[in-house]
*Asks:* 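The following block contains the structure, expressed as structure tokens.
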There are 2 protein chains.
Amino acid sequence: MGVEEKAQAMSPQTTSKERLRLWLRMLRVTRQVEAELREKLRVQFDSTLPRFDVLAALYRHAEGLKMNELSRQLMVSNGNVTGIVNRLVEDGYIDRIAIEGDRRATRVCLTELGRAAFAEMAEAHEAWVSELFDGVTEKDAHHMGELLHRLPAEPGAER
Amino acid sequence: MGVEEKAQAMSPQTTSKERLRLWLRMLRVTRQVEAELREKLRVQFDSTLPRFDVLAALYRHAEGLKMNELSRQLMVSNGNVTGIVNRLVEDGYIDRIAIEGDRRATRVCLTELGRAAFAEMAEAHEAWVSELFDGVTEKDAHHMGELLHRLPAEPGAER
DNA sequence: CAAAAATACTTCAAGCTTAAAATTTCAAGC
DNA sequence: GCTTGAAATTTTAAGCTTGAAGTATTTTTG
């Protein structure tokens, strides 16, 4: 019945094409999910994905993060973080705090306002994702997580 | 031996958290792969991912595409495509061609130069992806493709 | 300790991205 | 045929993103 009952060994060319197809599919899905999350964040909270990402990172680190660490965690450039942080500071969501003994660096911390705002957004965000991933069972999620381990940027990937 | 031998039913809260974790992991991997591809495209071809995407779409449609269709295929806004196309036209990679009987629309086509340039990039691109997806077997790719079908932006996903 | 290198960060120029407004052209309805 | 509305595209303003250059500070090293 199935198209490929036997696990027939494939040529390297076929493997390569197959992997490319998988990548394009991953990219497509990721973009679509991102687009929907961005839209909801915009409409319901007048916010953006990058801002959400920064707030999320700071929420997980109550003691704050250096610009440096923030940039590494989010996998975006240093200069990029500067801009987003500037705007969040203007809005009163985060503070820049001087670091004792190193005048080059600053620590960035959520304000009370920022913490409260994020908590609200995070709850909605989790619900949105869960809804978008409606067709994904526990088992699927687990299996897919395993597969993702074989790709770059995952702990355990041999790169 | 396994941590979860039994497929124990989980609470909705757990499901939600599990899906969120999966999404974050997907996002992380996708960003990492994109970053590596962008870097290679930049260094080896002095190009960018968006440009590559536009060329790829046009390569698959020798007869050309309307701005409209291009924007839908790439899942980016109309105005966005205008900018990228402008730059590609300046570089002589693509042409804007008037459409018979509708002076609003234009058809965008690869030039010979563009076609040749893309062919070269596409070959390298496929090899890069295959290398990044080194740990992914045929079976994995197939299975993961199935799982992705349950997510938005995939034909077959019930949305 | 002074010079050189490394670190933390910001600024800059260019390009990408979006949503919304504006423009031009076409299609329908009256 | 005029007008109204729809369609295709571009423009605009704001924000995101990068890589590279610039600034300030700290650390290393000769």
Side-chain angles (χ1 to χ4, degrees), chain A residues 27 30-32 34-55 57 64-91 93-94 96-108, chain B residues 27 30-32 34-55 57 64-91 93-94 96-108:
Chain A
L27 194 55
T30 302
R31 281 189 185 169
Q32 183 62 32
E34 270 193 298
E36 305 211 16
L37 294 177
R38 174 174 47 243
E39 167 74 2
K40 288 189 196 268
L41 225 34
R42 183 179 67 86
V43 171
Q44 294 186 31
F45 295 102
D46 190 28
S47 191
T48 68
L49 236 20
R51 288 166 68 102
F52 182 82
D53 289 344
V54 167
L55 295 179
L65 287 171
K66 292 198 298 181
M67 294 296 284
N68 215 345
E69 303 170 324
L70 205 42
S71 142
R72 194 154 9 89
Q73 288 232 357
L74 304 178
M75 302 200 297
V76 300
S77 69
N78 264 338
N80 189 359
V81 175
T82 297
I84 301 170
V85 164
N86 281 345
R87 285 180 284 271
L88 285 172
V89 168
E90 280 175 25
D91 292 348
Y93 282 21
I94 63 183
R96 273 186 228 259
I97 298 173
I99 283 187
E100 198 76 5
D102 189 343
R103 281 180 297 178
R104 294 170 302 181
T106 25
R107 203 154 40 85
V108 176
Chain B
L27 194 54
T30 303
R31 281 189 186 169
Q32 183 62 33
E34 269 193 299
E36 306 211 15
L37 293 178
R38 175 175 47 244
E39 166 74 3
K40 288 188 197 267
L41 225 35
R42 183 179 66 85
V43 171
Q44 294 186 31
F45 294 102
D46 189 29
S47 191
T48 68
L49 236 20
R51 289 167 67 102
F52 183 81
D53 289 345
V54 167
L55 295 180
L65 287 171
K66 291 198 297 180
M67 294 298 282
N68 216 345
E69 304 169 324
L70 204 42
S71 143
R72 193 155 10 89
Q73 288 233 356
L74 304 178
M75 300 200 299
V76 300
S77 68
N78 263 338
N80 189 358
V81 175
T82 297
I84 301 171
V85 163
N86 282 345
R87 285 180 283 272
L88 285 172
V89 169
E90 280 175 25
D91 293 348
Y93 282 22
I94 63 184
R96 274 187 229 259
I97 297 173
I99 283 188
E100 198 76 4
D102 189 345
R103 278 181 299 178
R104 295 170 301 180
T106 27
R107 205 154 38 84
V108 176

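Naming: A, B, ... by sequence-line order, numbering from 1 per chain. Note that the structure is a prediction, hence the values are computed from the model and not measured.
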*Asks:* When you list every nucleotide of DNA chain D with an atom under 4.0 Å from a heavy atom of chain A, which one comes first 5' to 3', and which comes last?
*Replies:*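 In short, chain A contacts DNA chain D from D:dG15 to D:dT26.
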
*Asks:* Mind checking B:Gly83 for me? I need base, sugar-phosphate or nothing, with any heavy atom below 4.0 Å counting as a touch.
*Replies:*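 The answer is nothing, as B:Gly83 stays clear of every strand by at least 4.0 Å.
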
*Asks:* How many whole angstroms separate atom CD of B:Glu100 from atom P of C:dC26?
*Replies:*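 Those two atoms, CD and P, are 12 Å apart.
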
*Asks:* Should A:Arg31 be listed as having a side-chain N or O under 4.0 Å from OP1 or OP2 of C:dT18?
*Replies:* no

*Asks:* Go through the structure and list residues passing salt bridge (charged side-chain N to carboxylate O under 4.0 Å, His left out) with B:Glu39, not counting sequence neighbours.
*Replies:* B:Arg42

*Asks:* Report the distance from atom CZ of B:Arg103 to atom C1' of C:dA27, rounded to the nearest whole Å.
*Replies:* 14 Å

*Asks:* Check salt bridge (charged side-chain N to carboxylate O under 4.0 Å, His left out) between B:Glu34 and all other residues, then give those that pass, not counting sequence neighbours.
*Replies:* A:Arg31

*Asks:* Please examine the side chains of B:Leu27 and A:Thr30, heavy atoms only from C-beta on, and report whether any two atoms are closer than 4.5 Å.
*Replies:* yes

*Asks:* Reckon B:Leu49 touches a base, only the sugar-phosphate, or nothing at all at heavy-atom distances under 4.0 Å?
*Replies:* nothing

*Asks:* I'd like to compare against my own output: the B/S/- annotation of nucleotides 1-9 of chain C with a strict under-4.0 Å heavy-atom distance to protein.
*Replies:* ------BSB

*Asks:* With sequence neighbours left out, write down each residue that passes salt bridge (charged side-chain N to carboxylate O under 4.0 Å, His left out) with A:Arg51, or none if nothing qualifies.
*Replies:* A:Asp91

*Asks:* Sequence neighbours left out, what passes side-chain hydrogen bond (donor to acceptor under 3.5 Å, both in side chains) with B:Asn80? Give chain and number order.
*Replies:*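 By the side-chain hydrogen bond (donor to acceptor under 3.5 Å, both in side chains) rule, B:Asn80 matches no residue at all.
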
*Asks:* Rounded to the nearest angstrom, tell me the gap between atom CG in B:Asp46 and atom C1' in C:dG15.
*Replies:*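 Going from CG in B:Asp46 over to C1' in C:dG15 covers 12 Å.
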
*Asks:* In whole angstroms, how far is the P atom of C:dT17 from the CD atom of A:Glu34?
*Replies:*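 Those two atoms, CD and P, are 11 Å apart.
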
*Asks:* With sequence neighbours left out, write down each residue that passes side-chain hydrogen bond (donor to acceptor under 3.5 Å, both in side chains) with B:Ser71, or none if nothing qualifies.
*Replies:*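 Residues passing side-chain hydrogen bond (donor to acceptor under 3.5 Å, both in side chains) with B:Ser71: B:Asn78.
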
*Asks:* Which whole-number value in Å describes the distance from A:Arg38 CZ to C:dC16 P?
*Replies:*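 To the nearest whole Å, that distance equals 16 Å.
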
*Asks:* What residues form a side-chain hydrogen bond (donor to acceptor under 3.5 Å, both in side chains) with A:Arg96, not counting sequence neighbours?
*Replies:*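 Partners of A:Arg96 under the side-chain hydrogen bond (donor to acceptor under 3.5 Å, both in side chains) test: A:Asn86.
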
*Asks:* Between B:Glu39 and A:Arg87, which is nearer to the 5' end of DNA chain D once each is assigned its nearest nucleotide?
*Replies:*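 This one resolves to A:Arg87.
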
*Asks:* Nearest to the side chain of B:Thr48 - C:dT18, C:dC16, C:dA20?
*Replies:* C:dC16

*Asks:* Taking any strand in view, what nucleotide pairs with D:dG19 in a Watson-Crick or G-U wobble way, both distances under 3.5 Å?
*Replies:* C:dC12

*Asks:* If I take atom CG in residue A:Asn80 and atom P in nucleotide C:dG15, what distance separates them, rounded to the nearest angstrom?
*Replies:*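 Result: 18 Å.
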
*Asks:* On DNA chain D, check which nucleotide each of A:Val76 and A:Gly101 is closest to and give me the residue with the more 5' one.
*Replies:* A:Val76

*Asks:* By salt bridge (charged side-chain N to carboxylate O under 4.0 Å, His left out), which residues pair with B:Arg104, not counting sequence neighbours?
*Replies:*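 Only B:Asp102 meet the salt bridge (charged side-chain N to carboxylate O under 4.0 Å, His left out) criterion with B:Arg104.
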
*Asks:* Could you tell me if the side chain of B:Leu55 sits less than 4.5 Å from the side chain of B:Ile94, heavy atoms only?
*Replies:* yes

